[in-house]
Number of protein chains: 2
Amino acid sequence: MSQHRPGGPNGRAGGVPALPDLPEATVARLPEYLRALHNLAEAGNDTVSSEELAGAAGVNSAKLRKDLSHLGSYGTRGVGYDVALLIDQIEFTLGLTQRRGVALVGVGNLGHALAGYAGFASRGFRIAALFDADPARVGELINGLHVRHISDLADVAVAESIAIGVIATPAASAQDVADALVAAGVTSILNFAPCVLSVPDGVDVRKVDLAVELQILSFHEHRKSSLTALPGGLGGGPAGLVSAAEPEEAVGT
Amino acid sequence: MSQHRPGGPNGRAGGVPALPDLPEATVARLPEYLRALHNLAEAGNDTVSSEELAGAAGVNSAKLRKDLSHLGSYGTRGVGYDVALLIDQIEFTLGLTQRRGVALVGVGNLGHALAGYAGFASRGFRIAALFDADPARVGELINGLHVRHISDLADVAVAESIAIGVIATPAASAQDVADALVAAGVTSILNFAPCVLSVPDGVDVRKVDLAVELQILSFHEHRKSSLTALPGGLGGGPAGLVSAAEPEEAVGT
DNA sequence: AGGCGCTTGTGAAGTCGTGCACAAATCGCG
DNA sequence: CGCGATTTGTGCACGACTTCACAAGCGCCT
Ligand SMILES: NC(=O)c1ccc[n+]([C@@H]2O[C@H](COP(=O)([O-])OP(=O)(O)OC[C@H]3O[C@@H](n4cnc5c(N)ncnc54)[C@H](O)[C@@H]3O)[C@@H](O)[C@H]2O)c1
Ligand SMILES: NC(=O)c1ccc[n+]([C@@H]2O[C@H](COP(=O)([O-])OP(=O)(O)OC[C@H]3O[C@@H](n4cnc5c(N)ncnc54)[C@H](O)[C@@H]3O)[C@@H](O)[C@H]2O)c1
């Protein structure tokens, strides 16, 4: 991560809660809790126990309680957590109280799908601009936004105060795009291209690689098939019904 | 593809190769090493040191060596690793010696992009069938495959011996689709829908959620912006140049 | 008021993963 | 043939994360 804050974190005075320096693993689970909470709220639930919420989010309840305890205690013993309050708390922690603008670079096969994705907007983000290097694509209207040339990136990024960039170009261009994003002031990048990006300190990169996910699944398939010879294993054909909401098999993370 | 395994360590007996029981974290990194190795091989490299490969894969060299040591030792001290040999070894470990068939369910916005994705084929997988519940979509030809109705899933899955399913339907349908996949004998699922799936023991599920990734980035943005007030921080606007190939900022995972 | 059942928050122990640091192994060269 | 340069493989200590187990807190019912 960037670097550690010296001394007592949270010099924050006034009404704003302190930033508790959450464990990375906890941060990665908060969005999942948030989604589950929104579902519960829609279903009309006012409060929820750690057990319920943990079930809905697919984690262990002790882990959930510990995670939530990191952001300050908001549960009531004997009762559970206030759903609305917890949503606010998590959204604040994740920095979702302001709708963040996102720049999407590379409006090809995948880029089109992302540009049209409603889940962006409903979860706190706003696609602020689309970019591509292909002149043939520039000008195209997608979901109310027209594609701009990559050379406009810096101007637009500043004008729209964009801090997050999504790279959906071929791997060969990804580093160049990342450099351009960084130069334009972007400090967080979500990379769909299968390659490693080099960025300066202070810039966060997350990578999503479909093939990697499949290969991990393939490994477990491989392992499972070596076990079919064993007795008493899930060997039986097409399984019957699905078990109750369970920790499932959550491979890796 | 199906290479005989290089002899060596891994004293397996009988027909079934020994399963080294790799740490999950190692398994998750192997695909990355594999990608880097393919790049190196294309560039004409015959051998590679742990330092180089680690750089190309974005990890610490000690970690890389430890990871590789888990699959039996294939390096030569003073020299490095044989690229081709290592590729074979990792592909074998990941179970990529056989091209695995994948069923894609939900040919909507995202599904179309996935169906047309070349990276599938080039990394050891074959989209064997496309399914959708919408009669209007059934029959549509995408990338040489025509979309079939979800009710054909069981038959096709068996006929094509499909063990991996990809869910690209709305969240509301995802559990139903997962049940159908499991009933059809699928034992690994990659889920793009933002919801928790319940599956029987023995079935692996991995989830990819774009919004979660963005929210994690948002958290770090939030944290960073709270730091701009501090002195000596990466506060300065648009950064300059990109540093050398470095561990970058690899958030989480 | 008091007791009871439920649920949270957390200490402590256990597990897993990481990275350092270095001995052992190998190659190339004089 | 031996030596030094190089790089692997790994023991070890540390840190992060998970899970258990339970005391403490809270609301409700009598
Ligand atoms: N299609 C998928 O389902 C899928 C899935 C996972 C990962 N990916 C990855 O996502 C990336 C994009 O995939 P795709 O199928 O959309 O490819 P694509 O070729 O359809 O689209 C790439 C787009 O990027 C644009 N582009 C190229 N260089 C650029 C640059 N320097 N600046 C701006 N734009 C540039 C191209 O003009 C094109 O429009 C690839 O790296 C691919 O490996 C794709
Ligand atoms: N579009 C994106 O970029 C994107 C990104 C991340 C995640 N997602 C998620 O991926 C999923 C699909 O997104 P989308 O934008 O492609 O949605 P979409 O509505 O465009 O496509 C969904 C498709 O699934 C089909 N479907 C619905 N129920 C089905 C069933 N029971 N069996 C088989 N097919 C069924 C529909 O007919 C439709 O063709 C959603 O869960 C979404 O949240 C999408």
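Chain A is the first sequence line, chain B the second, and so forth, proteins listed ahead of strands; every chain is numbered from 1. Just so it is clear, the model here is predicted, and its values are computed rather than measured. As a basis for the values below, the full set of heavy atoms in this structure was taken, side chains included, without hydrogen atoms, waters or symmetry mates.
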What is the distance from NE2 of B:H70 to P of D:dT8, rounded to the nearest Å? 16 Å
Please state whether the base of D:dT18 and the side chain of A:K66 form at least one donor-acceptor pair under 3.5 Å? no
Expressed in angstrom and rounded to an integer, what is the separation of B:Y33 atom OH from D:dT8 atom P? 13 Å
Separation of C:dT10 P from A:Y74 OH (nearest whole Å): 13 Å
A:K63 atom NZ is separated from C:dA13 atom P, nearest whole Å, by 21 Å
Tell me: CZ of B:R65 to P of C:dC22, nearest whole Å? 14 Å
Side-chain N or O of B:S50 closer than 4.0 Å to phosphate OP1/OP2 of D:dT7: no
To the nearest Å, give me how far apart CG (B:L22) and P (C:dT18) are. 13 Å
4.5 Å side-chain heavy-atom contact, A:D82 and A:V48: no
Check: B:I164 and B:F125 side chains under 4.5 Å, non-hydrogen atoms: yes
Between A:R77 and B:T26, the residue closer to the 5' end of DNA chain C by nearest nucleotide is A:R77
Using only side-chain N and O atoms of A:Y81, determine if any of them is under 4.0 Å from OP1 or OP2 of D:dC26. no
Give one of base, sugar-phosphate or nothing for B:A25, where a contact means two heavy atoms less than 4.0 Å apart. sugar-phosphate
Exercise: do B:E221 and A:T187 side chains pair donor with acceptor under 3.5 Å: yes
Rounded off to whole Å, could you give me the CG-to-P distance for the B:D21 and C:dT15 pair? 15 Å
